[in-house]
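A short worksheet on the structure shown next.
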Amino acid sequence: MHMNLNELAIHGGKKVRDTLFPAYVTAGAEEKAAVSKVIDGGVLSNYLGAYHENFMGGPVVRECEAEWAAYFGAAHALCVNSNTSGLIAALGAIGIGPGDEVIVTSYSMSISATAPLFYGALPVFADIEADMFCLDPASIESLITPNTRAILVVDLFGQPFDAPAIRALAKKHDLKIIEDCAQAPGASLNGEKAGLLGDIGVFSLNYHKHIHSGEGGILLTNDDDLAQRLSLIRNHAECVVGPMGVTDLRNMIGHNFRMTEIEAAIAMCQLRKLGGLLNDRWDRVRYFESRLDGFEGFSMPKVRDGAVHSFYVHPCLWNMETGVDRNRFVEAVKAELPCFELREKEGVKLGAGYVRPIYYLPAFQQRVALGGNLNPLVDARQDFGPGLCPVAEDLHFNRLISHEFIVPSMQESDIDDVVRAIEKVWDQRHKL
Ligand SMILES: *Cc1c(COP(=O)(O)O)cnc(C)c1O
């Protein structure tokens with residue numbers, strides 16, 4: 001009987017590897033000590049939503065903010081409880097409201113496009129760059145109307161957005177730029193750090209990011225007035241604007257977006273590790289790319305001229321000329337590989353595409369975002385149908401392959417297993 005020892009796992013053969021990839025864990029002794037210190041001190045959060053010296057939070061929150069501001073060379077850093085909260089605060093701070101429009105990307109995590117809806121404003125989807133995956137400046141200008149107030153850009157996968165071109169547009173049309181830099185801590189463009197490439201930058205410290213505090217977010221801005229408005233929205237502005245003498249009351253019904261002292265203690269330790277973690281990540285990227293040098297199936301990511309890319313994800317582009325179906329190829333490689341330890345339920349960290357273009361979400365398809373009559377999507381001029389952003393759709397449905405096998409916990413032997421799986425499937429692509 002003929003037995004093929006190299007049979008693809010997707011056809012019932014033996015996987016290239018069974019044992020899990022090593023967990024990516026960034027918190028350890030330093031964080032433990034810092035958290036213990038907070039708990040021993042007894043003050044787990046020290047905010048008051050009132051005109052009071054504790055309005056800006058406790059000592060660790062403030063120390064964390066000073067450290068993040070210094071690291072990035074920002075005039076202001078503000079801790080919040082997530083990037084999601086941070087984006088909502090940012091749009092509030094610049095005065096977004098019903099009738100306003102915000103240009104957003106079609107390809108990112110949902111909040112990068114849905115944040116304007118919280119103010120009854122309309123997100124207007126622009127397309128992305130075919131090779132860099134950030135908002136395409138050429139796609140933006142025709143979408144600008146007299147109602148456009150801002151552009152919400154994303155440094156997707158860790159690639160800084162095209163700041164020179166988008167800033168020029170913003171200047172010409174008097175628009176603010178909000179930068180979602182959740183995936184780009186430590187990235188930069190022409191020496192300027194991601195987070196400060198727009199008017200307000202928003203980092204995420206959720207568990208999945210380069211560095212994290214479990215949940216959390218950091219806002220950066222060099223604008224004193226915006227910093228004050230952000231701090232108000234973060235902490236019950238409505239109770240404070242009176243005694244503080246704030247005259248512009250737009251969006252000054254605040255939230256509770258406060259970070260605790262515990263998370264701030266962790267966020268401070270994590271920032272100190274960022275440089276080392278990025279170096280390790282870049283080593284993995286170099287090794288992965290060198291191992292697949294000349295591979296015909298897909299090409300390696302481009303980095304914008306003058307940019308430092310932080311590679312939250314390593315985005316590769318499928319070679320359409322192979323005639324092989326990308327989805328089937330990815331499915332077959334996934335079948336050969338294990339999950340990461342601690343993240344077994346998330347599946348193998350390899351994807352055909354990333355997340356569907358945001359306008360495929362039910363909120364846009366059914367044009368329902370808010371209760372009552374204030375629903376900016378009802379009269380939206382965009383149809384939210386297939387073809388709205390052809391580049392994002394082509395990347396997602398046909399060309400992009402995203403993976404996280406470049407996280408610092410991956411050793412060269414782990415990456416070798418990934419490469420073996422890719423080569424095994426490639427060699428038998430005619431059987432897919
Ligand atoms: C993770 C992420 C977010 C959301 O961050 P949270 O802190 O979980 O709210 C937003 N945008 C992008 C691009 C992200 O990667």
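Each residue takes its place number in the sequence, starting with 1. Only a predicted model underlies this, so the values are computations on that prediction, with no experimental measurement involved. Counting starts at 1 for both ligands and their atoms, following the listed order.
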Handout entry: Ring centre gap for Phe384 and Tyr360 strictly below 6.0 Å
Key = no
For ligand 1, run through the N/O pairs with the protein that fall under 3.5 Å and put one pair on each line.
from	atom 1	to	atom 2	distance (Å)
ligand 1	5 (O)	Ser204	OG	3.3
ligand 1	7 (O)	Asn83	N	2.9
ligand 1	7 (O)	Ser204	OG	2.7
ligand 1	8 (O)	Asn206	ND2	2.8
ligand 1	9 (O)	Asn83	N	3.4
ligand 1	9 (O)	Thr84	N	2.9
ligand 1	9 (O)	Thr84	OG1	2.5
ligand 1	11 (N)	Asp180	OD1	3.4
ligand 1	11 (N)	Asp180	OD2	2.7
ligand 1	15 (O)	Gln183	NE2	2.8
ligand 1	15 (O)	Lys209	NZ	3.2

Exercise for the section: Would you check, one step at a time, whether the test ring-ring contact (aromatic ring centres under 6.0 Å, His included) holds for Phe311 with Phe157? Expected result: CA-CA 6 Å; Phe311 290 109; Phe157 306 142; 9.8 Å; no
Exercise for the section: For this output row, return yes or no: ring centroids of His396 and Tyr354 closer than 6.0 angstrom. Expected result: no
Exercise for the section: Would you please indicate yes or no on a ring centroid separation below 6.0 angstrom for His403 and Phe288? Expected result: yes
Problem - side chain to side chain contact (heavy atoms under 4.5 Å, CB included) partner of Pro357, chosen from Phe125, Phe397, Phe364 - result: Phe397
Exercise for the section: Apply the test salt bridge (charged side-chain N to carboxylate O under 4.0 Å, His left out) to residues Arg234 and Glu65: give CA-CA distance (whole Å), side-chain angles for both, the deciding distance (0.1 Å), then the verdict. Expected result: CA-CA 14 Å; Arg234 169 175 71 176; Glu65 292 176 342; 2.8 Å; yes
